[in-house]
Novice: 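My questions will all concern the structure given below.
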2 protein chains.
Amino acid sequence: MPAVTDWLTRSNALAALEARARERLAGLKAIELPAGKVLFRPGDEVSGFVLVVSGRVGVYMTGPTGREILLYSITPGETCVQTTLGLLGVEDYSAEAVAETALEIVVIPKPLFMDLLDTSTAFRTFVFHAFASRLQSIMQLLERLAFTKIEERLAAILLERCDETGRVRNTHQDLATAIGSAREVVSRRLELFGRKGLVALERGHIEITSKSGLMRLIG
Amino acid sequence: MPAVTDWLTRSNALAALEARARERLAGLKAIELPAGKVLFRPGDEVSGFVLVVSGRVGVYMTGPTGREILLYSITPGETCVQTTLGLLGVEDYSAEAVAETALEIVVIPKPLFMDLLDTSTAFRTFVFHAFASRLQSIMQLLERLAFTKIEERLAAILLERCDETGRVRNTHQDLATAIGSAREVVSRRLELFGRKGLVALERGHIEITSKSGLMRLIG
DNA sequence: TCGATTGTGTGACCATGTCACTGACAAACT
DNA sequence: AGTTTGTCAGTGACATGGTCACACAATCGA
């Protein structure tokens, strides 16, 4: 068990919080979770409002054939709207949240959450914005899924996920999930990219050899 | 200009509103709009919170090829989350809202909206629930788009949109938009349904001849 | 070292979206 | 009535993408 962390101070998401609300939250400890831990599955009971302090969570939807789509990632300072939906009494649906790195999270128990919503303007604003921007991002995902070609989505995700040296530490399957496609499709398209000299393929990762070439594919 | 309507009384969405908040809203008049009116387009300024009192609004997203998807419909007592996003300062994206029938709407000006959010628990709850259930429905749409076959989506929309006698007063294009597909695809699939004896095709509408047959396709 | 697991490559096939048409029908106009 | 115009539906050809069924190579544990 870690020492009580100063998550409230570190979390700039709640920086604007009033002193009174701050006091109420001060007692909560951040919980540490290992990478790979499943935060919730379809049908789970929701016990509180989840705030990610450090690390990254992926929220996935799985189809009947086993194909998966990454709905969104939760980064530090963000919350899991899925659980918020549950707290507000909306039935949930089939999505799964997985810790993609080691995590520190804070769980605000439902009664405290409800109380803060009523009493803290800053907290309310925070929750509203979280909702709004998540809705926004889901709509963008929908738009990409419905209207954008694989080639473009793939190029975009490669550029998004590469490090400074241009290396993308993802398997083809990871990339396929991220863009809502199938592994085989990604493999084939990557091979094409390879033949065009845009990338070099290795087992488990990809080297981008022409960033500008990929960027041209996005427009 | 219609007489001041009693929209607040008629709208059971805000039935639980406190007396004080009710007073603030009492001065607002419902606005009547004709069918076909475009409520907003991408890039429009948002002046207030929109509540539909009667009629139905369709919110569509259009792709570069001209293909359209119905994101959701707004029915009486519901709000347009798109405008709410705007009010909360989230940039909006390319969606369009069209009156599908004649409408009565109420627009709560931004300052009053903000004030109600701060002072009325019931109003806040209403807005939160609106957000939550819209997010929910958008996710379901995403799920259908990503994982469900045309046949199933088409059968579902036919059953959803038929009247008591089994007639669906929609063109193939309407149905295609509703399920996020293309007109030609819907035409072909409908012809197949016809050959199987599930529907009879006419110009401008469709007669369902075997409800149970369509239901079997959904599962 | 020997499986077992994981990541990738491939071919075949089906479902769907797109393009480019055609014709059928209905409302409006002369 | 005939003509025009616009909407709606049917169709063939083709490209893209998802699914299935494999093969094979790299990696990792026991």
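Keep in mind that the numbers below use all heavy atoms, side chains included, and drop hydrogens, waters and symmetry copies. Reminder, nothing fancy here: chain letters follow the sequence lines and each chain counts from 1.
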Novice: B:Ile179 CD1 to C:dT16 C1': how many Å, rounded?
Specialist: 11 Å
Novice: How would you label the contact of A:Arg188 with the nucleic acid (heavy atoms, under 4.0 Å): base, sugar-phosphate, or nothing?
Specialist: base
Novice: Which of these nucleotides, D:dA9, D:dG18, C:dG17, is closest to any side-chain atom of B:Ser187?
Specialist: D:dA9
Novice: Please tell me which of A:Glu151 and A:Arg183 maps to the more 5' nucleotide of DNA chain D, matching each residue to the nucleotide holding its nearest heavy atom.
Specialist: A:Glu151
Novice: So does B:Glu104 get a backbone contact from the side chain of B:Trp7, meaning a donor-acceptor N/O pair under 3.5 Å?
Specialist: no
Novice: Is the base of C:dC19 touched by the side chain of B:Glu184 through a donor-acceptor pair closer than 3.5 angstrom?
Specialist: yes
Novice: Once you apply a heavy-atom cut-off of 4.0 Å, does A:Glu191 come out as touching a base, just sugar-phosphate, or nothing?
Specialist: sugar-phosphate
Novice: What is the distance, rounded to the nearest whole Å, between atom CZ of A:Arg189 and atom P of C:dT8?
Specialist: 17 Å
Novice: D:dA9 C1' sits how many Å from B:Leu190 CG, rounded?
Specialist: 10 Å
Novice: I'd like to know if the side chain of A:Thr209 and the backbone of A:Leu198 have a donor-acceptor N/O pair within less than 3.5 Å.
Specialist: yes
Novice: Looking at C:dG17, D:dG18, C:dC19, which one has an atom nearest to any side-chain atom of A:Arg67?
Specialist: D:dG18
Novice: Check every atom of C:dG7, D:dG10, C:dG17 against the side chain of A:Arg203 and return the nucleotide holding the closest atom.
Specialist: C:dG7
Novice: Indicate, with yes or no, if the rings of A:Phe49 and A:Phe123 have centres closer together than 6.0 Å.
Specialist: yes
Novice: Under 3.5 Å, is there a donor-acceptor pair linking the side chains of A:Ser187 and A:Glu191?
Specialist: no
Novice: Would you mind reading off the distance between B:Leu175 atom CG and C:dT16 atom P, rounded to a whole angstrom?
Specialist: 16 Å
Novice: If you check every side-chain atom of A:Thr171, which of C:dT16, C:dT8, C:dT18 has the closest atom?
Specialist: C:dT8
Novice: Please report, rounded to the nearest Å, how far the P atom of C:dG17 is from the CG atom of B:Leu154.
Specialist: 12 Å
Novice: Would you classify B:Arg153 as touching base, sugar-phosphate or nothing, given that sugar-phosphate means primed atoms plus P, OP1 and OP2, and contacts are heavy atoms under 4.0 Å?
Specialist: nothing
Novice: For B:Ser181 and C:dT16, is the shortest distance between a side-chain N/O and OP1 or OP2 below 4.0 Å?
Specialist: no
Novice: Can you check the A:Leu192 CG to C:dT8 P distance for me, whole Å?
Specialist: 17 Å
Novice: Using whole Å, what does the distance between atom P of nucleotide C:dG7 and atom CD1 of A:Ile206 come to?
Specialist: 12 Å
Novice: Could you say whether A:Lys149 or A:Glu202 is positioned toward the 5' end of DNA chain C, judged by the nucleotide with the nearest heavy atom to each?
Specialist: A:Glu202
Novice: Is a donor on one side and an acceptor on the other found under 3.5 Å between the side chain of B:Arg153 and the backbone of B:Thr148?
Specialist: yes
Novice: Separation of B:His172 atom NE2 from C:dT16 atom P, in whole Å?
Specialist: 17 Å
